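First the structure, in the form of structure tokens, and then the observations on it.
Atoms within each ligand, like the ligands themselves, are counted from 1 in listed order. All figures in this text were calculated on a predicted structure; none of them were measured in a lab.
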Amino acid sequence: MIIAQISDTHIALDTPDADRRIQDFAQTIADINALQPLPDIIVHTGDIVHNGRADEYAEAVSIMAKARAPVFVMVGNKDDRANLREAFSPWPYLDPNCDFIDYAIDDYPVRLIMLDTLNPGSSKGDFCRERLSRLIELIDAESSKPIAVFMHHPPFEVSVGPDPLHFETLDIMSELASALQHSDRVVAIFSGHVHRAASGHVERIPATVMPCIATTLRKGDYPPDMKTRPIYHLHRFDPAWGFATETRIVGTRP
Ligand SMILES: [Fe+2]
């Protein structure tokens, strides 16, 4: 199984770099479409748009509609649950009785659990009691497959950058970390949000952070010819070895 992870496209319509962000997103989808073999799915780990606006989501949806693989999305701190839900509906896997955008995808050799770490109005992540119990339910709903968990905010201290903590409090992040260890079938955690590449662990579970697709918002130093080349991650799952992650530079030979 091959998962293409993209993140932090921050589509905006009225910023000086709005066209660049749209191009970065479109070029990334085109690059994924040209891969052989084609990834089984694309997962967008949030901050799809910059202001949570319906017209921004319409632009994002039009770009993602060109993807040849199914795309699954979640909320980042810049997203708006209601507008995102509206833009990507119908969502057969969402709980109609809950506003949180958390769900599991069961159609592949690895179960994929998408979490909602949005705390509206804050750039930091939250994970309340309700979401914790929903995560445990999602983990327990199937007992045979390995599980990869996707969430916008990384659930470990990312020591690269000015602030290593990306949740509101250390206690919230610790409770989330405990829930992720509820089953030893959770084999990988994939995040975005930090806008630069990083990797770490949640106890025994390997966790990665991918850089942002929007090149104008990317953190870290890159050579001039990289300035307009988005970077994304390809996670390949092998039953014997687990996940191996490749960093792809858009526009280079696969
Ligand atoms: Fe972001």
Report task. Give the name of the N/O/S atom in Asp8 that lies closest to the Fe ion (ligand 1). Result ->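 Among the N, O or S atoms of Asp8, the one closest to the Fe ion (ligand 1) is OD2.
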Query - Proximal heteroatom of Asp47 relative to the Fe ion (ligand 1) (N/O/S) - result: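 Relative to the Fe ion (ligand 1), the closest nitrogen, oxygen or sulfur of Asp47 carries the name OD2.
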Query raised in the report: Hey, is the Fe ion (ligand 1) within less than 2.8 Å of some N/O/S atom on His152?
Result: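 So His152 does not count as coordinating the Fe ion (ligand 1).
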Query raised in the report: Within the stated cut-off of 2.8 Å, is an N/O/S atom of His10 closer than that to the Fe ion (ligand 1)?
Result: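 Short answer: yes, at least one N, O or S atom is under the cut-off.
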Ion pair present between [X] and [Y], side-chain N to carboxylate O less than 4.0 angstrom?
X	Y	answer
Asp116	Arg81	yes
Asp102	Arg131	no
Arg85	Asp79	no

Requested in this report: Flag this pair as yes if the NZ/CZ of Arg218 is under 6.0 angstrom from the six-membered ring centre of Tyr222 and inside a 45 degree cone about the axis; otherwise no.
Outcome: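 The answer is yes; both the distance and angle limits are met.
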